[in-house]
Colleague: 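Have a look at the structure that comes next, please.
Letters A, B, ... are given to chains in the order of the sequence lines, protein chains preceding strands, and every chain is numbered from 1. These numbers come from the heavy atoms of this one structure, side chains and all, not from hydrogens, waters or symmetry mates.
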Number of protein chains: 2
Amino acid sequence: MSCSQEYTPQLRARGYRMTPQRHAILHVLCHSGKHLTPSEVYAKAQKQVAGLTEATVYRTLEFLAENGLARPSHVGNGRLVYEIANHEHHHIKCRNCGDEMEVEHTLLKSMYQKLESASGYQLTDSHVTFFGLCPDCQKSENV
Amino acid sequence: MSCSQEYTPQLRARGYRMTPQRHAILHVLCHSGKHLTPSEVYAKAQKQVAGLTEATVYRTLEFLAENGLARPSHVGNGRLVYEIANHEHHHIKCRNCGDEMEVEHTLLKSMYQKLESASGYQLTDSHVTFFGLCPDCQKSENV
DNA sequence: TTCCTTATTGCAAAAAGTTGCAATAACATA
DNA sequence: TATGTTATTGCAACTTTTTGCAATAAGGAA
Ligand SMILES: [Mn+2]
Ligand SMILES: [Mn+2]
Ligand SMILES: [Zn+2]
Ligand SMILES: [Zn+2]
């Protein structure tokens, strides 16, 4: 509720509207400390907004991502997941056991600058997932 | 044909089999210098293997990726695309116009090492897509 | 070459995600 | 507060991707 209220002026300023559906979905994202699939978001938000449809959830998540309020993420299964955009970070995920950890953006900062000067691009997104083997899976060599 | 033939022993060594379907799909990937969607792969491979189904294409692309012969990639629309795994590289893509360029892995190498020592993970995948604004789109400020 | 094991495929149904369109409702304006 | 504009939603049809299962065929062994 309160969490989503702060976003209202941001949307208004861009000519968009705050709706009960967006409130509920932002609320769900705010209070879940992890990545959620669209259907997980739907299951939770549905309890607050009767009649909410999955189509609206998909459209809203994409909308929030485009406007910088949510971050989409690819966690390796080909499906998109989302989280609230409140701090810059990246992820490392284990290809073997699925274990995942956050990585501070500062670790990539100088590489981002190198990429920008080498390419001429201005990098806007700070939410990347890297894949590898976690310490445990390296030991056991479970391939 | 010839291109896919070289992969046969690799598959055999792991207990897998080479099939006309895998031949055709590897052939398609080998001779296309770019990322292909599953349905693009299907459209091309179908011409060589009568009766090929899309389900097989999806399963084969995933299989090839798991075995390091193909690389899946997220290009920002939530859909996976694939390419043959023959050289290490990454991508930068423009959020505005969709323009895309390759990035050599050497530019990320020291960051990869930093990530590995900070996390304890051993990074295995070298195919990441970064997003930003290309030089042209920065000028015109088309948001 | 023939036989046998089982990895792989095709099929069809299900699940996930997208889209066009008419009805609704947010909110700027008066 | 009442009104008008149009951003947003729900619905339903559609496309894309996944999955269980029985039939097929790759390829090792005899
Ligand atoms: Mn995240
Ligand atoms: Mn690539
Ligand atoms: Zn692991
Ligand atoms: Zn651009």
Colleague: Take A:Thr60 and A:Ala55, find for each the nucleotide of DNA chain D with the closest heavy atom, and name the residue whose nucleotide sits nearer the 5' end.
Modeller: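 It is A:Thr60, whose closest nucleotide lies nearer the 5' terminus.
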Colleague: How about B:His27 and B:His31: are their ring centroids closer than 6.0 Å?
Modeller: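 Yes, ring centres under 6.0 Å apart.
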Colleague: Tell me what B:Leu52 touches on the nucleic acid: a base, only sugar-phosphate, or nothing, going by heavy atoms under 4.0 Å.
Modeller: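 The residue B:Leu52 makes sugar-phosphate contact but no base contact.
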Colleague: Would you kindly give the CG-to-P distance between A:Leu11 and D:dT6, to the nearest whole Å?
Modeller: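 Nearest whole value for this atom pair: 19 Å.
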Colleague: Between A:Arg79 and A:Thr37, is there a side-chain heavy-atom distance shorter than 4.5 Å?
Modeller: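 The answer is no; the side chains never approach within 4.5 Å.
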Colleague: Within the 3.5 Å criterion, strictly below it, is a donor on B:His127 or B:His91 matched to an acceptor on the partner's side chain?
Modeller: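 Their side chains do contain a donor-acceptor pair, which is all the 3.5 Å distance test asks for.
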Colleague: Is A:Gly51 touching bases, backbone alone, or none of the nucleic acid, heavy atoms closer than 4.0 Å?
Modeller: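 Counting heavy atoms under 4.0 Å across all strands, the contact made by A:Gly51 is with sugar-phosphate only.
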Colleague: Compare every heavy atom of B:Thr129 with every heavy atom of B:His74, then report the nearest pair and how far apart it is.
Modeller: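 Nearest pair, atom of B:His74 first, then B:Thr129: O-OG1, 3.3 Å.
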Colleague: Using a heavy-atom cut-off of 4.0 Å across all strands, would you classify A:Arg59 as base, sugar-phosphate, or nothing?
Modeller: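 It contacts base atoms.
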Colleague: Note down the inter-axis angle between the two ends of the helix from C:dT1-D:dA30 to C:dA30-D:dT1, five pairs each, to the nearest 10°.
Modeller: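 Computed angle between terminal axes is 40°.
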Colleague: Tell me what B:Gln21 touches on the nucleic acid: a base, only sugar-phosphate, or nothing, going by heavy atoms under 4.0 Å.
Modeller: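 Counting heavy atoms under 4.0 Å across all strands, the contact made by B:Gln21 is with sugar-phosphate only.
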Colleague: Do the numbers put B:Arg22 on top of the ring of B:Phe63, so that NZ or CZ is under 6.0 Å from the six-membered ring centre and no more than 45° off the axis?
Modeller: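 B:Arg22 over B:Phe63 ring: yes.
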Colleague: Please determine which of B:Leu36, B:Val57, B:Ile25 meets the side chain to side chain contact (heavy atoms under 4.5 Å, CB included) test together with B:Tyr42.
Modeller: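 That would be B:Val57; it is the only one of B:Leu36, B:Val57, B:Ile25 passing the side chain to side chain contact (heavy atoms under 4.5 Å, CB included) with B:Tyr42.
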Colleague: Can you tell me how far C1' of D:dA13 sits from CD of A:Glu54, to the nearest Å?
Modeller: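 In whole Å, D:dA13 C1' lies 15 Å from A:Glu54 CD.
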Colleague: Indicate the atoms forming the closest heavy-atom contact of A:Gln138 with B:Tyr121, along with that distance.
Modeller: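 Heavy atoms of A:Gln138 and B:Tyr121 come nearest at NE2-C, 3.5 Å.
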Colleague: Which residue, B:Tyr16 or B:Pro38, contacts DNA chain D at a nucleotide closer to its 5' end, judged by nearest heavy atom?
Modeller: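 By nearest-heavy-atom nucleotide position, the 5'-most residue is B:Pro38.
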Colleague: When you check the side-chain N and O atoms of B:Gln113 and B:Ser110, is any donor under 3.5 Å from an acceptor?
Modeller: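 Distance-only check fails for B:Gln113 and B:Ser110.
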Colleague: Can you label the angle between the A:Tyr112 ring and the A:His90 ring as parallel, tilted or perpendicular, going by 30° and 60°?
Modeller: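 Plane angle between 30° and 60°, so tilted.
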Colleague: Quick one: which of D:dC11, D:dA7, D:dA26 gets closest to the side chain of B:Arg17?
Modeller: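 Shortest atom-to-atom distance from the side chain points to D:dA26.
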Colleague: Can you pull the contact range of chain A along DNA chain C, 5' to 3', using atoms under 4.0 angstrom from its heavy atoms?
Modeller: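 For DNA chain C, the relevant span reads C:dA16 to C:dA28.
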Colleague: Starting at the 5' end of DNA chain C, which residue's closest nucleotide do you reach first, A:Arg79 or B:Ala50?
Modeller: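 It is B:Ala50 whose nearest nucleotide is closer to the 5' end.
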Colleague: Categorize A:Arg12 for me: base, sugar-phosphate, or nothing, with a 4.0 angstrom heavy-atom threshold over every strand shown.
Modeller: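 Sugar-phosphate, backbone atoms only, no base.
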